[in-house]
Amino acid sequence: MRITNKIMQNNNLANINTNKILQDKLSTQMSSEKKISRPSDDPVVAIRALRLRSNVTEVTQYYSKNIPDADSWLNVTEEAIKNLAEVITAMQKQCTKGSNGDLKTSDRQTIIEQLKALADEVYSTGDADYAGRYVFTGYRTDTPLSFQEATEQKYSITEQLDKNAIGQISIITTQGADGSDLMDMTTNNYGNINVTKDDVQEVKAYRFQLAYGSCDDTVPVLSYQERQPDGTYLTKTITAEVKHDYESPYQAAAEATGEKAIFVPETGELLLSGDAYDKLMATKDDVSTAGVNEGEIQITYEKSKWVKGDLRPEHYFYCKADPGTPEEEVYNESYLTSRLERQDIEYDVGFNQTIRINSTADECFKHGIGREVEDLVNAMQEVVDAEKIVADMTALLKESSGATADAIQKKLDVAQKALDLKKDKAQRMFEHGITSMQGYLDDTNVSLTNVGTRSRKLELIENRMQSQKTTFETLQSENEDIDIAEVIIHLSSAKLTYEAALMATGKVAQTSLLQYI
């Protein structure tokens, strides 16, 4: 085959172009510090790069965003629960002080003021939020735990209780047969107070203390399951009668016969007759029927007026807002069939790994804390009021004589009996309050421990994610990044080769065809 000058020219140009392409590729690698600039450069490297970049992006999302966000949420929750624990501890200390029977009136007044201040604080910590989201309200992160101001909105609330929720309330009666009340006695009207020692008695009644006081006057519905001879259960109800706190409802409940209940809307108490108490105490769950709680006692009542700081019922119970109207809204309907539903908020913090970050209000912010304080404050206030009456009548007695002194002494004896009974009642309630507050403190500490456990778990996950992030970034670099020293050598070689090709081609191009003729 004859090699013409044209063939040699084409070959030289092709070789020069090849060297130029190589030099361009190496120059691009030097400027980008990457092995490839397009998938066609090296499909294997390109595919591996896509996978590693995806892994690095995912790990970065976990490590740089999700984990810090979860950690911040847990920190806010932990601080709020710590504050709650401090408040309950302070309440317990006041209960310890109040259980002392030898307190002065000023000491009792101080305890009352301290308990009221702590009661105002106990639920305010439950409105803690993170980035505008309330941390204790489950999925309703846009709704605070408590009412932020006095509100009028009707709710129908169903509390799901059991026989363990039945307690006993002690009341000191101070009314006479004519309706006069010993606690209204002053140095000016003592002659009109017709209360004898026999009228002053301690009356005890069984009760359900509902989650809220100041309820509507509507009759509540109490229902429970009664086992039938064939082994089935039938829903039964106990009829309640509404009596106000000025109508001696406790004595009426203590004297009631049959399965009856008395509802006191002002105090939010459902008082039980002895027969009703016996019937409800006989209820129990059947272990053979999983998923059904035959021992459950449901009480449905209504409340329309809310004060600042009241816990919102939609975070705790099955309830209806604005019931019976077009605006009716139902909350937690599934609670009627199962209380196992938990509104857990979980964050993805690793590959196929999540962590729960929220604590729900029912774990620590319980209605019983505030209701317990209400009882203690009322009991102590009754003692303070009785002490004032006794002190006033004692002072009046010192200034009197004869028949007047005898009349005052009789009134004073009655007032002293009432004071002694009220002191004994208050002391017992504060002693019980120590135990109750310890129970609430234990629940709070359990919640605090759970948050701490999650934080520790999150810390371990964060360390692992940091290690994985470093590993993936190293693999990504090894797959995509060039070895600069190696590329510099190859680029220098390519330049030398390119220049040599130009010189050789230049010499060939100077030769004339006449030399081959």
Scan for ring pair (Phe, Tyr, Trp, His ring centres under 6.0 Å) pairs involving [range], sequence neighbours excluded, and state none if there are none.
| range | result |
| --- | --- |
| residues 215-248 | His244-Tyr246 |
| residues 146-187 | Phe147-Trp306, Tyr155-Trp306 |
| residues 357-386 | Phe136-Phe365, Tyr212-His367, Tyr316-His367, Phe317-His367 |
| residues 62-108 | Tyr62-Phe351 |

**Request:** Kindly write out the residues that satisfy ring pair (Phe, Tyr, Trp, His ring centres under 6.0 Å) with Tyr250, not counting sequence neighbours, or none if the list is empty.
**Result:**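 Residues passing ring pair (Phe, Tyr, Trp, His ring centres under 6.0 Å) with Tyr250: none at all.
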
What residues, two or more places apart in sequence or in another chain, satisfy ring pair (Phe, Tyr, Trp, His ring centres under 6.0 Å) together with Tyr206?
->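 Checked Tyr206 against ring pair (Phe, Tyr, Trp, His ring centres under 6.0 Å); matches are Tyr277.
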
Quick check on [X]: does its [atom1] atom have over 12 non-hydrogen neighbours (other residues, nucleotides or ligands) under 6.0 Å away?
| X | atom1 | answer |
| --- | --- | --- |
| Glu333 | CD | no |
| Asp230 | CG | yes |
| Lys163 | NZ | yes |

Notebook entry, point to check: Is a side-chain donor or acceptor of Gln251 paired with a backbone partner of Pro249 at a separation under 3.5 angstrom?
Noted result: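 Not at all, since once roles are kept as given, no pair shorter than 3.5 Å links the two residues.
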
Check your understanding: Do we see a donor-acceptor contact under 3.5 Å between the side chains of Thr186 and Asn188?
Key ->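 No, because no side-chain N or O of Thr186 sits under 3.5 Å from a partner of the opposite role on Asn188.
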
*Can you find a side-chain donor-acceptor pair between Thr360 and Glu363 that sits under 3.5 Å?*
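Short answer, yes.
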
> Quick one: side-chain hydrogen bond (donor to acceptor under 3.5 Å, both in side chains) partners of Asp420, sequence neighbours excluded?
Replying inline: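 Asp420 satisfies side-chain hydrogen bond (donor to acceptor under 3.5 Å, both in side chains) with Gln416 only.
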
Not counting sequence neighbours, list each pair that qualifies as a salt bridge (Lys or Arg N to Asp or Glu O under 4.0 Å) and has a residue in [range].
| range | answer |
| --- | --- |
| residues 96-109 | Arg108-Glu387 |
| residues 70-81 | Glu78-Lys82 |
| residues 144-162 | Lys154-Glu302 |
| residues 269-286 | Arg207-Glu269, Glu226-Lys279, Arg227-Asp286, Glu259-Lys279 |

Worksheet item: Rounded to the nearest 0.5 Å, what separation is found between the NE2 atom of His432 and the CZ atom of Arg428?
Response: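 These two atoms lie 11.5 Å from each other.
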
Please step through salt bridge (charged side-chain N to carboxylate O under 4.0 Å, His left out) for the pair Glu329 and Arg140, ending with a clear verdict. CA-CA 14 Å; Glu329 188 169 359; Arg140 302 183 187 94; over 6 Å; no

Please report, to 0.1 Å, the donor-acceptor pairs under 3.5 Å made by any side chain of residues 377-385, with sequence neighbours excluded.
from	atom 1	to	atom 2	distance (Å)
Asn378	ND2	Glu374	O	3.1
Gln381	NE2	Asp385	OD1	3.0
Glu382	OE1	Lys422	NZ	3.4
Glu382	OE1	Lys425	NZ	3.4

